[in-house]
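In the text below, chain A, chain B and the rest are named by the order of the sequence lines, each starting its count at 1.
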Amino acid sequence: MSQPKEIPKNYDPIEVEERWMNTWKKEDYYFDRHSKKPQFVIDTPPPYPTGNFHIGNAFNWCYIDFIARYKRMCGYNVMFPQGWDCHGLPTEVKVEELNGITKNDVPREEFRKMCRELTLSNIEKMRKTMWRCGFSNDWSNEYITMMPEYYKKTQLSFLRMYKMGDIYQSEHPVNFCTRCGTAIAFAEVSYEDRTTKLNYFDFDGLEIATTRPELLAACVAVAVHPDDERYTSLKGKTLKVPLFGHSVKIITDEAVDPSFGSGAVMICTFGDKQDVHWWKQHKLDLRKAIDMTGRMTSIAGKYQGMTSTECREAILADMKSQGILKRQVPLDQHVGTCWRCKTPIEILSERQWFVKVHNDEILEKARQISWTPEHMRSRLENWAQQMEWDWCISRQRIFATPIPVWFCKKCGEVILPDEADLPVDPTVDKPKHACPKCGGNEFVGETDVLDTWMDSSISVLNVTGWDGSKVPDLFPAQIRPQGHDIIRTWAFYTILRANALTGGKPWEQILVNGMVLGDDGFKMSKSRGNVIVPEEVLSKHGADAFRQWSASGAATGQDIVFSWNDITAGARFQTKMWNICRFAMMQLEKGGPESDKAEVLADRWLMHRLSQVEKDVTGFMNVYNFDGAIRVIREFARDIFADNYIELVKGRLYSDGAGRASALYALRTTIDALCRMLAPFTPFFAEECYTILTGGKSVHKQSWVDFDYVDKLALDEGDLVVKVVSEIRRYKHDAGMALNAPLGHVVVYTPFEINDGGDCASAINANVEFKCEKPKLTRAVSDVKFNFGVIGPKLRKQASGYMNAIKALPEDQILNPPKTVKVDGAEIEVIADSFEPVYSFSVEGEKVEVLTLSEDVIVTVHKN
RNA sequence: GGACCUAUGGUCUAGCCGGUCAUGACGUCGCCUUUACACGGCGAAGAUCGUGAGUUCGAAUCUCACUGGGUCCA
């Protein structure tokens with residue numbers, strides 16, 4: 001450790017942070033598997049390796065790091081692992097873009113390799129930013145979901161759940177891009193505004209409006225609103241589909257908008273999401289009219305083989321010639337398109353793999369977890385309760401965990417690999433045994449791959465050491481920190497999977513942080529131009545200022561607006577704190593005896609205050625209220641320590657009297673405690689100060705502050721002294737005097753003896769005398785102060801009447817209240833402690849200024 | 001369209017299991033080169049706590065409606 005000889009006058013966060021960044025060892029944060037300390041395992045969210053650790057990640061990680069560092073100081077064996085959730089479409093697209101290819105241009109394995117390489121270089125970039133932020137990740141427990149040692153666990157979990165009957169295959173509608181030939185997730189659908197034609201035609205005597213006449217062959221029902229009087233007579237009847245001739249039922253559903261089109265709508269499998277919903281709800285038939293290449297199927301009869309666009313024209317032409325097409329009106333609509341190629345998506349029904357969702361078990365586990373903030377749990381509960389169908393886990397992609405399954409060519413049996421042979425890629429590897437059902441030896445590997453959430457939803461099992469043999473020793477983790485945007489995905493799926501594979505809840509607690517919004521209050525987006533990248537903040541003000549913003553920007557769980565103001569405030573606090581440390585160090589290094597306890601009033605007062613602050617901060621940390629913690633620390637450091645205390649003891653520190661030793665003790669104790677309390681928030685800054693204070697010790701190896709000091713007398717007397725000083729300052733300010741201008745003779749009349757060791761006198765540069773007596777001043781009652789907390793509950797409606805009656809009393813009765821007062825003609829008992837007089841004072845004899853601090857503390861100033 | 005959250009001085013924010021003059025920061029203004037700090041100190045101005053109604057002696061705080069914002073989902 002390097003200890004600067006001269007403490008620099010200015011604090012340079014960039015220089016200091018980069019120095020410590022290069023000094024600290026990653027090993028210092030490793031989880032110790034043989035430790036006897038209580039474990040604290042964090043199920044860190046594995047980000048998607050885009051190459052940019054964005055500001056929302058950074059904010060989330062600040063929270064995690066505050067916890068990790070705090071818990072370490074509290075004596076826990078902390079694991080703060082770092083994972084990477086690699087698989088998914090964005091990387092596939094990026095690789096295609098960078099290499100100018102499409103994924104089908106190169107062999108499957110070649111394409112995967114390109115994705116892996118890009119991902120690794122992205123991860124490396126993000127690691128650098130994280131280390132620069134001062135995050136104390138345990139890099140010995142890093143995991144990368146695309147690596148064999150991880151995805152073999154994903155595959156193992158698949159096999160286990162398949163064998164348990166929780167995973168099955170079924171046909172289900174999915175979003176499909178017929179150009180790319182793959183199912184895509186809702187997240188991958190982009191919407192475009194287009195103008196199309198709404199076609200009104202005669203549907204067996206009923207007028208129907210549709211934008212998709214080409215789907216007529218897939219029509220399975222006609223729906224009307226149940227209250228639509230035009231169609232009451234048609235309920236339960238069947239109609240003949242024009243051109244095709246099959247019969248469909250007329251059903252009623254609240255979701256039909258009677259004002260749209262003719263108020264009757266044809267349901268096809270599938271024109272849009274609403275069709276899927278109706279199809280499911282009314283258990284309708286399935287008629288597939290479009291295949292995976294976007295062409296019409298055999299049920300389209302003479303239109304078979306046409307593209308859907310060709311089919312539309314042909315059908316409209318036939319309708320016209322048969323005279324059933326009534327009219328066409330232009331219609332603006334949102335069209336779901338493939339976000340890559342802009343082809344309108346089709347909803348097709350295909351064989352998919354599903355995970356069974358046991359809502360009740362998930363709800364039960366969610367209730368066993370402690371949620372911060374509490375209300376976030378209801379999001380998961382609402383979601384779980386309204387789940388309509390199971391979780392579709394298959395994807396038609398390349399860069400993902402392969403579904404470890406083959407099919408027997410002869411009998412179609414599903415063939416599973418032995419668990420010991422994992423990981424497998426069924427498109428490359430072959431089963432080691434013949435088909436157990438028919439003895440067949442030819443197989444087809446499953447080409448579908450797993451949804452990325454299948455990887456990341458076992459992050460907690462991975463970090464706690466799951467290998468399928470038993471519930472891991474470290475399971476469950478202590479905490480899951482994450483954003484509220486992924487409660488319905490990551491949190492939900494993790495609870496589901498942990499429950500399926502271990503029967504337990506994944507974590508004891510979940511801490512949900514808000515989203516980072518741009519400084520204009522909107523979600524950050526490129527199109528708005530309000531994106532702030534962490535690197536910009538780090539290079540301007542450093543990591544500690546950024547971390548303070550994370551802690552103080554908003555209450556836990558609230559969305560947080562990015563604000564350069566708050567970053568500046570953080571940087572300024574560091575400057576202030578730095579100067580406090582410099583001042584203290586200058587005094588400490590001057591030498592001289594240093595006491596081992598606080599002896600003088602102001603020192604005892606400070607120790608009592610410090611002890612209270614420590615209790616407050618610890619309380620806040622334990623409930624993850626970081627903004628409360630940092631607020632209390634900052635207020636104490638600025639107001640109590642710097643502005644009140646240090647100003648008060650300067651006189652003692654500059655002299656060699658006995659009071660100096662006690663003040664040095666107080667300075668050292670307070671700086672030490674502040675460094676420790678700041679260590680989780682501003683690790684670089686706290687380290688720098690602590691090193692200087694202790695001659696080379698690391699604050700991050702220290703235990704959390706446990707400072708117990710109660711001195712109620714010192715608190716009251718000290719508060720009084722501080723108040724006298726600030727009143728005198730205000731007085732000087734109002735009188736146009738410099739604050740250190742000499743001020744003759746000041747007498748403080750108090751109800752108790754005060755010995756401040758001369759601090760007050762030196763702080764206000766006056767001859768100060770404390771007198772435990774009442775001043776000989778004439779006193780008059782000028783007002784009455786009521787105690788609403790006493791009056792309200794006792795008198796309820798009579799409260800205001802009572803107060804008016806008290807105010808109306810003559811002065812002597814306010815000082816010596818009568819038993820009762822008259823309110824609205826009734827006698828009401830005067831309540832003890834319900835009010836107190838407010839006095840004003842007038843001068844007696846000598847010409848002095850009078851400052852009234854409170855009822856029984858009077859200060860007189862005798863100017864010379 | 002649904003669920004949840006949110007609205008406080010110019011800007012951001014604390015308080016929100018009801019109680020006396022609503023917290024702090026940044027900004028603004030005035031005074032002060034006080035031997036840690038002018039990236040400072042002292043002081044001031046600035047908010048009828050989104051709108052409307054209700055409960056209550058008393059509401060920023062509780063209830064309802066409305067409006068704007070956010071997130072997730074349909």
Side-chain angles (χ1 to χ4, degrees), chain A residues 7 9-11 186-187 255 257 273-274 276-277 373 375-383 385-388 483-489 492 512 514-517 519-523 541 548-549 552-555 557-587 625 627-628 630-632 634-635 638-639 642-643 646-647 650 653-654 667 726 728-741 763-765 784-803 835-836:
Chain A
I7 305 172
K9 195 167 177 194
N10 293 311
Y11 181 73
F186 279 115
D257 179 0
K273 280 185 276 180
Q274 184 62 52
V276 177
H277 193 79
H375 67 80
M376 292 294 181
R377 186 207 317 261
S378 63
R379 290 203 183 185
L380 188 123
E381 289 183 348
N382 283 321
W383 177 238
Q385 278 158 359
Q386 66 162 64
M387 282 289 284
E388 283 183 39
H484 61 64
D485 53 336
I486 48 176
I487 289 175
R488 290 162 172 197
T489 47
F492 181 82
V512 182
M515 299 291 111
V516 177
L517 309 176
D519 60 3
D520 54 1
F522 293 98
K523 188 181 177 180
H541 297 283
Q548 283 189 69
W549 162 78
S552 67
Q558 297 285 50
D559 287 345
I560 179 169
V561 176
F562 182 81
S563 135
W564 285 107
N565 273 354
D566 288 353
I567 303 281
T568 311
R572 289 211 186 150
F573 172 70
Q574 281 159 214
T575 304
K576 181 70 182 175
M577 194 60 214
W578 179 248
N579 282 299
I580 294 170
C581 288
R582 270 185 71 223
F583 173 79
M585 285 313 297
M586 283 164 70
Q587 296 305 323
N625 182 342
D627 101 285
I630 193 91
R631 181 162 21 93
V632 169
R634 283 170 167 181
E635 277 170 15
R638 292 190 106 107
D639 303 345
D643 296 345
I646 290 180
E647 291 307 317
K650 272 182 178 171
L653 288 167
Y654 295 152
L667 283 181
S726 87
I728 295 285
R729 283 185 163 179
R730 190 196 308 269
Y731 168 79
K732 282 183 169 180
H733 177 268
D734 292 348
M737 301 166 73
L739 293 181
N740 62 342
I764 62 180
N765 197 11
V784 183
K785 199 166 97 175
F786 292 100
N787 187 344
F788 291 89
V790 172
I791 295 171
K794 279 211 169 164
L795 293 176
R796 318 300 297 177
K797 288 197 169 166
Q798 293 170 308
S800 53
Y802 174 78
M803 290 190 286
F835 68 92
E836 54 190 42

Original post:
How does RNA chain B read in dot-bracket, base by base from 5' to 3', with Watson-Crick or G-U pairs under 3.5 Å and | used when the partner is on another strand?
Top reply: (((((((..(((......[....))).(((((.......))))).....(((((..]....)))))))))))).
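- Between the side chain of A:Lys576 and the backbone N or O of A:Arg638 there is no donor-acceptor pair closer than 3.5 Å.
- Rounded to whole Å, atom P of B:C72 lies 16 Å from atom CG of A:Asn382.
- Nucleotides B:U23 and B:A14 are separated by 15 Å at their P atoms, to the nearest Å.
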**OP:** Summarise how protein sits on nucleotides 9-24 of chain B as a single string, 5' to 3': B when a protein heavy atom is under 4.0 Å from the base, S for sugar-phosphate-only contact, - for no contact.
**Re:** --B-SS----BB----
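- The separation of B:C64 from B:G10, taken at their P atoms, amounts to 30 Å, rounded to a whole angstrom.
- Rounded to a whole angstrom, the distance from the C1' atom of B:G40 to that of B:U51 is 43 Å.
- Between A:Asp627 and A:Asn625 there is a side-chain heavy-atom pair separated by less than 4.5 Å.
- By the 4.5 Å heavy-atom criterion applied to side chains, A:Asn579 and A:Tyr11 are not counted as neighbours.
- The side chain of A:His375 has B:C4 as its nearest neighbour among B:C4, B:U71, B:G2.
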Original post:
Just by protein heavy atoms under 4.0 Å, how would nucleotides 32-44 of chain B read 5' to 3' in B, S and -?
Top reply: --S-BB-BSSBSS
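- For A:Phe562 and B:C26, the CZ to P distance is 16 Å, given to the nearest whole Å.
- Atom CG in A:Leu380 sits roughly 16 Å away from atom P in B:C72 (whole-Å rounding).
- Scanning both residues, A:Ala584 and A:Leu667, for their nearest heavy atoms gives CA-CD1, 4.1 Å.
- Taking the C1' atom of each, B:A7 and B:A60 are spaced 11 Å apart, rounded to whole Å.
- Although no hydrogens or angles enter the test, the distance criterion places no donor-acceptor pair under 3.5 Å between the side chain of A:Asp566 and the main chain of A:Phe562.
- For the pair A:Arg488 and A:Arg634, both in contact range of RNA chain B, the more 5′-proximal nearest nucleotide belongs to A:Arg634.
- For the P atom pair drawn from B:C21 and B:A36, the interatomic distance equals 40 Å after rounding to whole Å.
- Taking atom NE2 on A:His484 and atom P on B:C73, their separation rounds to 12 Å, with Å as the unit.
- Note: A:Trp564 and A:His541 have tilted aromatic rings, judged against thresholds of 30 and 60 degrees for the angle between ring planes.
- Taking every heavy atom of both residues into account, A:Arg379 and A:Arg488 meet most closely at O-NE, 3.9 Å.
- Proximity of A:Phe835 to A:Ile791: side-chain heavy atoms (C-beta onward) are nowhere separated by under 4.5 Å.
- Atom-to-atom, CZ of A:Arg377 to P of B:U71 comes out at 25 Å; the value is rounded to the nearest Å.
- Counting non-hydrogen atoms under 4.0 angstrom, A:Trp383 reaches the backbone sugars and phosphates but no base.
- B:C12 and B:G1 are spaced 33 Å apart, taking the C1' atom of each and rounding to whole Å.
- If you take atom P in B:C66 and the same atom in B:A22, they sit 32 Å apart, rounded to whole Å.
- Rounded to whole Å, the separation between the P atoms of B:A44 and B:A25 comes to 13 Å.
- The closest donor-acceptor contact from the side chain of A:Lys523 to the backbone of A:Met515 lies at 3.5 Å or more, if one exists at all.
- Between the CD atom in A:Gln558 and the NE2 atom in A:His484 there is a gap of 8.5 Å [rounded to 0.5 Å].
- Using the six-membered ring where Trp is involved, A:Phe583 and A:Tyr654 have ring planes that are perpendicular, over 60° apart on the 30 and 60° scheme.
- Counting heavy atoms from C-beta on, the side chains of A:Met577 and A:Arg634 never come closer than 4.5 Å.
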